[in-house]
**Q** 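Supplied in structure tokens, the structure appears directly below.
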Amino acid sequence: MAEPLKIALAGLGTVGVGVIRLIEANAALIARRAGRPLQVTVVSARDRSKPRGVDLSQYAWEDDMVILGERADVDVVVEMVGGSDGPALALARTTIEAGKGLVTANKAMIAHHGLELAAKAEDKHVALKFEAAVAGGIPVIKALREGTAANQIERVYGILNGTCNYILTVMEDTGRDFADVLTEAQAKGYAEADPAFDVEGTDAAHKLSILAAIAFGAKVDFAHVETSGITRLRAADIAQAEALGYVIRLIGMADTAAGGLFQRVQPHLVHCDHPLAHVDGATNAVVAEGNFSGRLLFQGAGAGDGPTASAVVADLIDIARGEVGAAFSVPVSELEELAPAATGHRLGRAYLRFMVADRPGVLAEITAALRDAGVSIESLIQKGRAGDSGKVMVAMVTHEGPESAVSEAVRLLDGSASLSEPPLVLHILDN
Ligand code: NAP
Ligand code: HSE
């Protein structure tokens, strides 16, 4: 059998330890499929003395992870540290500069610096691979780069954050509080080091910007992903959605229908007949609509040690086989620079939720703003007082109309003394 592929692992947390376990457990079948063994030679993390539940004694230890790629006993570096900049980026740059391949699970770094790193990797003729950065164990990057390569992708969307999906489905099933469930998701190893990245939608936005670049052959444009997370959702929104025949899911969606690049991460009401409505727990799912393939659905574990390690090691097997290829499917110089799409003309239905003072005239004020903005209401529910707060919840679903009309209604209500917080607007995904 050919020489082993010598691997440096940077980061020995959830993903790093998962990679060690997987390479050890499946060594023989991986070697057969890769045509050569995968051999971890050196590892690095912050704290050498930390117990990690795996035996590291057979591997060299490197205190300065940034120089891993410069070592003679390393062919490829796997970065599982995290953070868009800092040591992860320094390591990525020095590794590629040294002419070594890089595998990373770090969506933040790829969303911010992926183009720079991909261009450097092309110059050096080395691989840059990041399957684990999007949707955990689902091989969706491979699917878009290879399986659907013959298609024009018309839309790509899905559930891209396991932590949020876990929180939403547990809240749905148990009515428990948001903060309590977040702690549980952290304990299971799903959340980012700073879980604000999950619950504010940033992590899903990182992933969406990477998917969109590959799907549409466009430059990564994380800065223009319209992003909102799940922190404003109340148990009452989830119950209200259910009464209307929907579940709430954090959806990332991208298309080029209007010429520019539309990218949005937002909680959506998803109709209970839609396949994404049945994606529960830390599961992710990605829908890609190709002009010849039609709608394709990829579903699987979106976070956690085993599934993420599976994606990392798949990239290592590709590298062991000698596959380099353009990181974003086409060379960086050929990626299009698409302007962000205007959203006002987009047609759709929306869920609007208002927390209001319980006094006469409030509902009339809201409906007047909607009328003046040209928003037509399909259904409206007013819930009784929430505890002793003196506030009531008014929730409604609009008929299909342009997004600009809903934005105008929200603008007309801005600063109204009747509202105790800004209206919550969620788009509806029917099909
Ligand atoms: P983690 O459990 O927090 O592990 C991070 C590792 O990096 C730790 O071993 C830590 O060392 C090391 N590290 C952090 N800062 C460092 C520094 N300044 N210098 C040296 N080492 C440093 O994180 P994780 O969940 O494995 O995630 C790692 C990466 O994978 C992130 O980019 C994340 O977004 C991505 N990812 C995670 C998942 C998941 O389900 N967890 C899924 C897909 C992608 P010590 O252990 O010594 O402190
Ligand atoms: N924190 C991320 C999530 C990890 O919950 O989806 C997987 O990328």
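Both ligands and their constituent atoms are indexed starting at 1 by order of listing. This one's a predicted model, so the numbers in the text were calculated from it and none came from an experiment.
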**Q** For N161, counting its heavy atoms only, list the atoms of ligand 2 lying under 4.0 Å from any of them.
**A**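 Near N161, meaning under 4.0 Å from one of its heavy atoms, ligand 2 has 2 (C), 3 (C), 5 (O), 6 (O).
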**Q** Show me which atoms of ligand 2 lie under 4.0 Å from any heavy atom of D198.
**A**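 Once the distances to D198 are compared, the set is 1 (N), 2 (C), 3 (C), 5 (O).
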**Q** Distance alone, cut at 3.5 Å: any donor-acceptor contact between the side chains of D237 and Y351?
**A**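 Yes.
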**Q** Which heavy atom of A215 sits nearest to which heavy atom of L144, and what is that distance?
**A**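 That closest heavy-atom pairing would be CB-CD1, 4.4 Å.
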**Q** Just wondering, do V199 and F178 contact through their side chains at under 4.5 Å, heavy atoms?
**A**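 When only atoms from C-beta onward are counted, V199 and F178 do touch, with a gap below 4.5 Å.
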**Q** Can you find a side-chain donor-acceptor pair between D85 and H113 that sits under 3.5 Å?
**A**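 H113 and D85 do have a side-chain donor-acceptor pair below 3.5 Å.
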**Q** Students often mix this up, so state it plainly: with edges at 30° and 60°, are the rings of Y246 and H271 parallel, tilted or perpendicular?
**A**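 Judged by the thresholds at 30° and 60°, the geometry between Y246 and H271 is perpendicular.
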**Q** Within a distance under 4.0 Å of any heavy atom of Y190, pick out the atoms of ligand 2 and give their elements.
**A**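 Once the distances to Y190 are compared, the set is 1 (N), 2 (C), 3 (C), 4 (C), 5 (O).
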**Q** Should T202 and E192 count as side-chain neighbours, where that means a heavy-atom distance under 4.5 Å?
**A**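 Of all side-chain heavy-atom pairs linking E192 with T202, none is under 4.5 Å.
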**Q** Stepwise, does the salt bridge (Lys or Arg N to Asp or Glu O under 4.0 Å) test hold for R48 with D63?
**A** CA-CA 8 Å; R48 188 172 184 172; D63 281 324; 5.2 Å; no
**Q** Is any side-chain heavy atom of R249 closer than 4.5 Å to one of L276?
**A**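 They are not in contact (no side-chain heavy atoms under 4.5 Å apart), so the answer is no.
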**Q** Say whether A191 and ligand 2 are in contact under the criterion: heavy-atom distance to a ligand atom below 4.0 Å.
**A**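 Yes.
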**Q** Output the list of atoms in ligand 2 that are nearer than 4.0 Å to some heavy atom of G162, sorted by atom number.
**A**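 Result: 3 (C), 5 (O), 6 (O).
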**Q** Between E184 and K188 (salt bridge meaning N to carboxylate O under 4.0 Å), is one present in this structure?
**A**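 Salt bridge absent between E184 and K188.
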**Q** Does ligand 2 have a heavy atom under 4.0 Å from the side chain of D203, from its backbone, from both, or from neither?
**A**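 The side chain, only.
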**Q** Can you tell me how far CD1 of I248 sits from CD1 of I428, rounded to the nearest 0.5 angstrom?
**A**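 Between atom CD1 of I428 and atom CD1 of I248 there are 10.0 Å.
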**Q** Nearest to atom 7 (C) of ligand 2, what protein heavy atom do you find, and at what distance?
**A**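 Nearest neighbour among protein heavy atoms for atom 7 (C) of ligand 2, to 0.1 Å: G302 O, 3.3 Å.
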**Q** Pairs of nitrogen or oxygen atoms, one from ligand 1 and one from the protein, closer than 3.5 Å: please tabulate them with distances.
**A**
from: ligand 1; atom 1: 2 (O); to: T14; atom 2: N; distance (Å): 3.0
from: ligand 1; atom 1: 2 (O); to: T14; atom 2: OG1; distance (Å): 3.4
from: ligand 1; atom 1: 9 (O); to: L12; atom 2: N; distance (Å): 2.8
from: ligand 1; atom 1: 9 (O); to: G13; atom 2: N; distance (Å): 3.1
from: ligand 1; atom 1: 11 (O); to: R46; atom 2: N; distance (Å): 3.3
from: ligand 1; atom 1: 15 (N); to: R46; atom 2: NH1; distance (Å): 3.3
from: ligand 1; atom 1: 21 (N); to: R46; atom 2: N; distance (Å): 3.3
from: ligand 1; atom 1: 26 (O); to: T14; atom 2: N; distance (Å): 3.2
from: ligand 1; atom 1: 26 (O); to: V15; atom 2: N; distance (Å): 2.9
from: ligand 1; atom 1: 34 (O); to: K107; atom 2: NZ; distance (Å): 3.1
from: ligand 1; atom 1: 34 (O); to: E192; atom 2: OE1; distance (Å): 2.7
from: ligand 1; atom 1: 34 (O); to: E192; atom 2: OE2; distance (Å): 3.4
from: ligand 1; atom 1: 40 (O); to: G304; atom 2: N; distance (Å): 2.7
from: ligand 1; atom 1: 41 (N); to: G189; atom 2: O; distance (Å): 3.2
from: ligand 1; atom 1: 46 (O); to: K50; atom 2: NZ; distance (Å): 3.0
from: ligand 1; atom 1: 46 (O); to: R52; atom 2: NH1; distance (Å): 2.7
from: ligand 1; atom 1: 46 (O); to: R52; atom 2: NH2; distance (Å): 3.4
from: ligand 1; atom 1: 47 (O); to: R46; atom 2: N; distance (Å): 3.0
from: ligand 1; atom 1: 47 (O); to: D47; atom 2: N; distance (Å): 2.8
from: ligand 1; atom 1: 47 (O); to: R52; atom 2: NH2; distance (Å): 2.8
from: ligand 1; atom 1: 48 (O); to: R46; atom 2: NE; distance (Å): 3.2
from: ligand 1; atom 1: 48 (O); to: R46; atom 2: NH2; distance (Å): 3.0
from: ligand 1; atom 1: 48 (O); to: K50; atom 2: NZ; distance (Å): 3.0

**Q** Can you sort out which atoms of ligand 2 are near A303, meaning under 4.0 Å from one of its heavy atoms?
**A**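 In order of numbering, the contacting atoms are 4 (C), 7 (C).
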**Q** Just by distance, do the side chain of T398 and the backbone of R349 share a donor-acceptor pair under 3.5 Å?
**A**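 No.
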**Q** Starting from atom 8 (O) of ligand 2, what is the nearest protein heavy atom, named by residue and atom, and what distance separates them?
**A**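 Going by distance alone, atom 8 (O) of ligand 2 is nearest to K107 NZ, 2.5 Å.
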**Q** Using a strict cut-off of 4.0 Å, indicate which atoms of ligand 2 neighbour a heavy atom of K207.
**A**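 With K207 as reference, the close atoms of ligand 2 come out as 2 (C), 3 (C), 6 (O), 7 (C), 8 (O).
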**Q** Could you pull out every donor-acceptor pair under 3.5 Å between side chains of residues 125-143 and any protein atom, sequence neighbours left out?
**A**
from: E131; atom 1: OE1; to: K142; atom 2: N; distance (Å): 2.9
from: E131; atom 1: OE2; to: V140; atom 2: N; distance (Å): 3.1
from: E131; atom 1: OE2; to: I141; atom 2: N; distance (Å): 3.0
from: K142; atom 1: NZ; to: E146; atom 2: OE2; distance (Å): 3.3
from: K142; atom 1: NZ; to: D318; atom 2: OD1; distance (Å): 3.4
from: K142; atom 1: NZ; to: D318; atom 2: OD2; distance (Å): 2.7

**Q** With only distance considered, is E192 within less than 3.5 Å of ligand 2 through an N or O on each side?
**A**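 The answer is yes, given that E192 and ligand 2 share an N or O pair closer than 3.5 Å.
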**Q** Looking only at protein heavy atoms, which one is nearest to atom 5 (O) of ligand 2, and how far off is it?
**A**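 Of the protein heavy atoms, T163 OG1, 2.6 Å lies nearest.
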